K.L.:
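Here it is: the structure, laid out below.
Letters A, B, ... mirror the listed sequences (proteins, then strands); counts begin at 1. Keep in mind it's a predicted model, so treat the numbers as computed, not measured.
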Amino acid sequence: MPRPQKRLAGTAGPDKKGLPGKRAKTEDAGEISAKVENSSLQKISASKDSVKKLSSYWLMKSEPESRLEKGVDVKFGIEDLKAQPKQTTCWDGVRNYQARNFLRAMKLEEAAFFYHSNCKEPGIAGLMKIVKEAYPDHTQFEKNNPHYDPSSKEDDPKWSMVDVQFVRMMKRFIPLAELKTYHQAHKATGGPLKNMTLFTRQRLSIQPLTQEEFDFILSLEEKEPS
DNA sequence: GCCAACGTTGGC
DNA sequence: GCCAACGTTGGC
């Protein structure tokens, strides 16, 4: 049975574990930004209701159109997720340290947007939730997998994945172009999408959203397409 | 440890 | 298919 292949972040080459250098710096930077994101959200939430809120919000990119990578079709759209047993899949193939560190920061039941990338109409297609927290991505050890990483060792896996479950389709598809229009406007007005990671860190395949960003995007469902 | 070359992402 | 953005590699 074919396993869904998400094509997520950039392909990473060999990593010299334990050696100081660029790779380690990249890794640290990702971890720090994940923590900063979470702690600022927790702070906001805690000040509101004194109940420690652990939840963050996420956006996860995947390609809904066929494309071969080392001879393997990496197509995996939201319809493919719906077709999985229990409408659940493991989100494998992430090979970028920042994206991986965000995967590792995900907690059970947190919400994530399913984003369609590298396709005719890019944008947010639906909602998922995290149903299993980070564990080793087995595809890093599979020689024939397009995301095989020969530098990763079984006793010290480099890459992680989470399991996600389909929650629902967006009431209407939210196109990238529309989000971009709001992002541009909000940069001038200080609106909720002014710093959205989708636009500030273009190629990041796993990214956090603030509560405000998440709520604003959900509110767009009720509006006419702009 | 700098940084040019290279490879990938992903919108258009 | 083009190419800007940007992460990674590797020579020095």
K.L.:
Between dG10(B) atom P and R95(A) atom CZ, what is the distance in whole Å?
P.N.:
15 Å
K.L.:
What is the separation between atom CH2 on W159(A) and atom C1' on dG7(C), rounded to the nearest whole Å?
P.N.:
11 Å
K.L.:
Measure NZ/K180(A) against C1'/dA4(C) and give the value in whole Å, please.
P.N.:
12 Å
K.L.:
Can you tell which of dT8(C), dG11(B), dG7(B) lies closest to the side chain of R203(A)?
P.N.:
dG7(B)
K.L.:
Output yes when at least one side-chain N/O atom of K61(A) is less than 4.0 Å from OP1 or OP2 of dG11(B), else no.
P.N.:
no
K.L.:
Rounding to a whole Å, what distance do you find between H183(A):NE2 and dG11(B):C1'?
P.N.:
14 Å
K.L.:
Output all residues satisfying side-chain hydrogen bond (donor to acceptor under 3.5 Å, both in side chains) with E221(A), sequence neighbours left out; order by chain, then residue number.
P.N.:
R168(A)
K.L.:
Return a table of donor-acceptor pairs under 3.5 angstrom between the side chains of residues 169-179 of chain A and protein atoms on other chains or two or more places apart.
P.N.:
unit_1, atom_1, unit_2, atom_2, d
K171(A), NZ, E222(A), OE2, 2.6
R172(A), NE, L220(A), O, 3.1
R172(A), NE, K223(A), O, 2.8
R172(A), NH1, E178(A), OE1, 3.1
R172(A), NH2, E178(A), OE2, 2.8
R172(A), NH2, L220(A), O, 2.9

K.L.:
The side chain of Q202(A) lies closest to which of these nucleotides: dG10(B), dA5(C), dC12(B)?
P.N.:
dA5(C)
K.L.:
Measuring centre to centre across the rings, with the benzene-like ring taken for any Trp, is F114(A) within less than 6.0 Å of W58(A)?
P.N.:
no
K.L.:
Salt-bridge test for K158(A) and D149(A): reply yes if a basic N is under 4.0 Å from a carboxylate O, no otherwise.
P.N.:
yes
K.L.:
Identify which nucleotide among dG11(B), dT8(C), dT9(B) has an atom closest to any side-chain atom of Y97(A), counting heavy atoms from C-beta outward.
P.N.:
dT8(C)
K.L.:
Between dT9(B) atom P and F199(A) atom CZ, what is the distance in whole Å?
P.N.:
20 Å
K.L.:
Just the rounded figure in Å: distance from P of dG11(B) to CE of M196(A).
P.N.:
12 Å
K.L.:
Let me know the distance between CG of N96(A) and P of dG7(B), rounded to the nearest Å.
P.N.:
18 Å
K.L.:
Answer with base, sugar-phosphate or nothing: what part of the nucleic acid does Y115(A) contact at a heavy-atom distance below 4.0 Å?
P.N.:
sugar-phosphate
K.L.:
Using whole Å, report how far CG of L179(A) lies from P of dG11(B).
P.N.:
11 Å
